[in-house]
Visitor: 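Below you will find the structure I want to go over with you.
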Amino acid sequence: MQASTSSTAAASSSSQQPWVIAKIGGTSVGKQLHAVVETIVPTHIKSGNRIALVCSARSGNTKATGTTNLLLRAAHEALRPKGQPDLSSSVPSLRNSPSQSPAPGTPSTPRGSYLLSGSVSSLRLSRSATPDERQPFDDTVDQIKEDHMVAARKAIVNSRELLDEVEEELEYDCERLRGFLRAAQIIDEISTRSKDIIMGVGERLSCRIVAAALRDRGIDAELVSLENIIDWDVLTDEDAQTGKAADGPPQLGQTFYSRLSQRLGERLAECGDRVPVVTGFFGVVPGSLLAQVGRGYSDLCAALCAVGVGASELQVWKEVDGIFTADPRKVPTARLLSTITPEEAAELTYYGSEVIHPFTMEQVIRAAIPIRIKNVENPSGEGTIIFPDSVAPDAHPAEHTARNTVAPSVATRAPSSVPSSALEPHLGPTAITIKDTVVVLSVHSNRKTIAHGFFARIFGTLDKHGIVVDLISTSEVHVSLAVHGEMRKSVLDRVVRDLKPVGEVSISRDMAILSLVGKHMKNMVGTAGKMFSTLAEGNVNIEMISQGASEINISCVIEERDAVKALNLVHLKLLNQAPQGLAGY
Ligand SMILES: Nc1ncnc2c1ncn2[C@@H]1O[C@H](COP(=O)(O)OP(=O)(O)O)[C@@H](O)[C@H]1O
Ligand SMILES: N[C@@H](CC(=O)OP(=O)(O)O)C(=O)O
């Protein structure tokens, strides 16, 4: 894509201007792109900020039906013999989704063709596959292509030339993906590395549209595709080995992240006055991005960009006003929090409130950069600021005086706009969250093994099957483990089979973890008692309790069908009023 020569509002002295990194979530790219390109970016530019967008793959109504899930489904389908039903439970079937059909009046794109040559300019489609030659993933690739073509036509409304260019690029990326899947099918293998590459296509497709939509409105923008940003030799040798277990995958250490942020900073600086539109997918990392970071990785990418350029603020734009005392879709009385600590935000995310990836906080807070969660549908709202208690608001915010209606610029040490009330000590929980689709595995020792062997066998078995334990409750001969229930049935069956020699195993499905989170709870007496008695009064059965592993979290396992009721009951009792001193305790 050629950089646009159209005028830009960015001043030529851009190197002196404070950077704001704005991460745009998948559903926001999918549903609110006009707000991003017509309000958020122009307002920042007018206010004298430099802005870079870090974008996720497009989602429609929900992340579950978004491009990343479709791509993972295509990867799964490439290994599934033709005609065999798709038993994958974690990726929802979208075959009948309305987004599969092109919008009325839109030209259709070639279907079932594959890539022979290697660049957009030399792209030639060899031939269309006959119905017999079509593979299980072809429909999924067609759906991804069609979704993006329709989105591009909606977003690029002023320049026919620009639209043609973007359509050609989308065509190229999708056919290259199809070729990649076909190759994987032939060798009958998709490594974790290949899966990363497949997944990364989602962010590239999305960023192509976002960059073009900005240029279509006269804002010079550059697509920054990070798939090759990681210099394998330099970045991986010693750092990737940090914390490596004897036979486990390499762990990405801080040195890795620090070097990567530095590279990102250099890359963004190369954009000059153009607005960088950065793929939230930041390349194939040692040990795989999915395994090392997991879904939601573009939050971390944005954090690393913010550190790399020394941003005045990292903004995470979503379809919610900020972090609430509970998921506002489930608890109508939930309150917006003006501030929250990184530890609380991470704990909420681990336990079901997936507002921000838990790794995001560490990187930016190390560099004293505040994070602000904001709503694309309400750009002038203050949002929620995530910052540590120990960082006092900067007394000298004047170095970054640019202010705008989107968000006040902030000082490098901490947000100057943090409401003073948020800094006054208050007591009690901060928020409540629920994580559903949980399975509880209970193992009762057969007493032929001594206690330490008992635990070692259990954790060894879980590790072998790659199962992460969310919550645990133990006695010497009994252990209950809450694990995420979205694994395949065959995996769970194997775990149970392998645990049988250790003791009697039972499974409870359709459970949920209810977690009350708050930095002040460690100093409070009686919060757990209030939480559990409230649940008992509401006839919510508690399957398992865990407290103490984290001082800021009290969790219990309940039945999934009681989840929303339990959230509302505990919220009403412990969170309905903004806590003031000891009132209510
Ligand atoms: N405590 C919470 N505060 C705010 N949102 C929450 C909370 N718990 C769960 N959520 C949910 O998280 C979602 C995150 O926003 P969304 O824009 O949909 O995500 P994405 O950026 O991944 O597309 C919201 O839909 C909201 O309902
Ligand atoms: N597209 C990736 C990365 C991401 O960060 O997504 P989102 O910003 O929509 O949570 C995913 O679905 O996991």
Side-chain angles (χ1 to χ4, degrees), residues 22-33 35-36 53-73 90-91 144 195-196 198-207 226 278-282 289-290 293-304 315-338 340 344-360 373-378 381 383-384 386 429-436 514-518 563-564 567 571 575:
K23 187 264 173 172
I24 314 293
T27 46
S28 306
V29 176
K31 285 165 54 192
Q32 301 290 337
L33 185 54
V36 176
L53 302 180
V54 177
C55 302
S56 299
R58 290 183 78 253
S59 294
N61 282 333
T62 63
K63 188 163 164 164
T65 57
T67 308
T68 307
N69 270 26
L70 285 178
L71 287 163
L72 293 174
R73 184 172 94 186
S90 55
V91 183
I144 293 169
K195 213 184 223 180
D196 275 6
I198 292 168
M199 194 171 65
V201 173
E203 272 73 26
R204 187 144 33 95
L205 294 171
S206 139
C207 286
L226 300 182
V278 186
T279 59
F281 174 81
F282 54 93
L289 194 61
L290 267 184
V293 178
R295 298 292 300 274
Y297 46 81
S298 49
D299 286 345
L300 174 60
C301 179
L304 297 171
Q315 296 180 348
V316 179
W317 289 84
K318 309 194 68 84
E319 294 207 324
V320 63
D321 274 326
I323 301 182
F324 282 70
T325 47
D327 185 341
R329 284 181 307 187
K330 295 175 182 158
V331 179
T333 54
R335 287 178 289 112
L336 178 65
L337 295 162
S338 55
I340 190 167
E344 289 170 318
E347 206 74 11
L348 283 174
T349 305
Y350 275 123
Y351 288 99
S353 289
E354 293 173 8
V355 185
I356 185 163
H357 190 288
F359 294 2
T360 320
I373 313 288
K374 286 183 64 76
N375 189 350
V376 267
E377 293 173 280
N378 176 22
T384 299
I386 305 175
T430 303
I432 186 156
T433 179
I434 196 94
K435 183 170 189 169
D436 44 28
L514 183 72
S515 304
L516 193 60
V517 172
V564 174
L567 265 180
H571 190 272
L575 285 152

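Every number for a ligand or one of its atoms is a count from 1 in the order of the listing. Keep in mind that what you see is a predicted model, and the values were worked out from it rather than measured. Quick note: residue numbers are just sequence positions, from 1. Side chains are part of it too, since the values below use all heavy atoms of this structure and drop only hydrogens, waters and symmetry mates.
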Visitor: Rounded to the nearest 0.5 Å, how far does CG of D321 lie from CG of L337?
Guide: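 Going from the CG atom of L337 to the CG atom of D321 covers 12.0 Å.
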Visitor: For atom 15 (O) of ligand 1, what is the nearest protein heavy atom, given as residue, atom name and distance?
Guide: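 Among all protein heavy atoms, the one nearest atom 15 (O) of ligand 1 is K318 CE, 3.3 Å.
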Visitor: Answer side chain, backbone, both or neither: which part of P328 comes under 4.0 Å from ligand 1, heavy atoms only.
Guide: side chain
Visitor: If you count heavy atoms of other groups shown closer than 6.0 angstrom to CD of E377, is the number above 12?
Guide: yes
Visitor: Are E354 and T349 linked by a side-chain donor-acceptor pair shorter than 3.5 Å?
Guide: no
Visitor: Can you tell me the protein heavy atom closest to atom 17 (O) of ligand 1 and the distance?
Guide: E319 N, 2.8 Å
Visitor: Which residues satisfy the ring-ring contact (aromatic ring centres under 6.0 Å, His included) test with H357, sequence neighbours excluded?
Guide: F359
Visitor: Considering heavy atoms of the protein only, find what lies nearest to atom 4 (C) of ligand 1 and give residue, atom and distance to 0.1 Å.
Guide: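 In this structure, atom 4 (C) of ligand 1 has G322 O, 3.2 Å as its nearest protein heavy atom.
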Visitor: For atom 3 (N) of ligand 1, what is the closest protein heavy atom, and at what distance to 0.1 Å?
Guide: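 The answer is F324 N, 2.9 Å.
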Visitor: What's the shortest distance from atom 8 (N) of ligand 1 to any protein heavy atom, and which residue and atom give it?
Guide: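 Residue, atom and distance for the closest contact: S353 OG, 2.9 Å.
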Visitor: Is there a side-chain contact between K374 and V316 in this structure, where contact means two heavy atoms from C-beta onward sitting under 4.5 Å apart?
Guide: no
Visitor: I need the nearest protein heavy-atom contact for atom 6 (C) of ligand 1: residue, atom name and distance, please.
Guide: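 Among all protein heavy atoms, the one nearest atom 6 (C) of ligand 1 is V355 CG2, 3.6 Å.
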Visitor: Of the protein's non-hydrogen atoms, which lies at the shortest distance from atom 26 (C) of ligand 1, and what is that distance?
Guide: D327 OD1, 3.6 Å
Visitor: Listing by chain and number, which residues have a heavy atom under 4.0 Å from ligand 2?
Guide: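 Protein residues near ligand 2 are K23, G25, G26, S56, A57, K63, T68, E203, R295, G296, Y297, S298.
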Visitor: Can you find a pair of side-chain heavy atoms, one from W317 and one from Q32, that are under 4.5 Å apart?
Guide: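 The answer is no, as the side chains (C-beta and beyond) never meet within the 4.5 Å cut-off.
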Visitor: In the protein, which heavy atom is nearest to atom 25 (O) of ligand 1, and how far is it?
Guide: R329 CZ, 3.4 Å
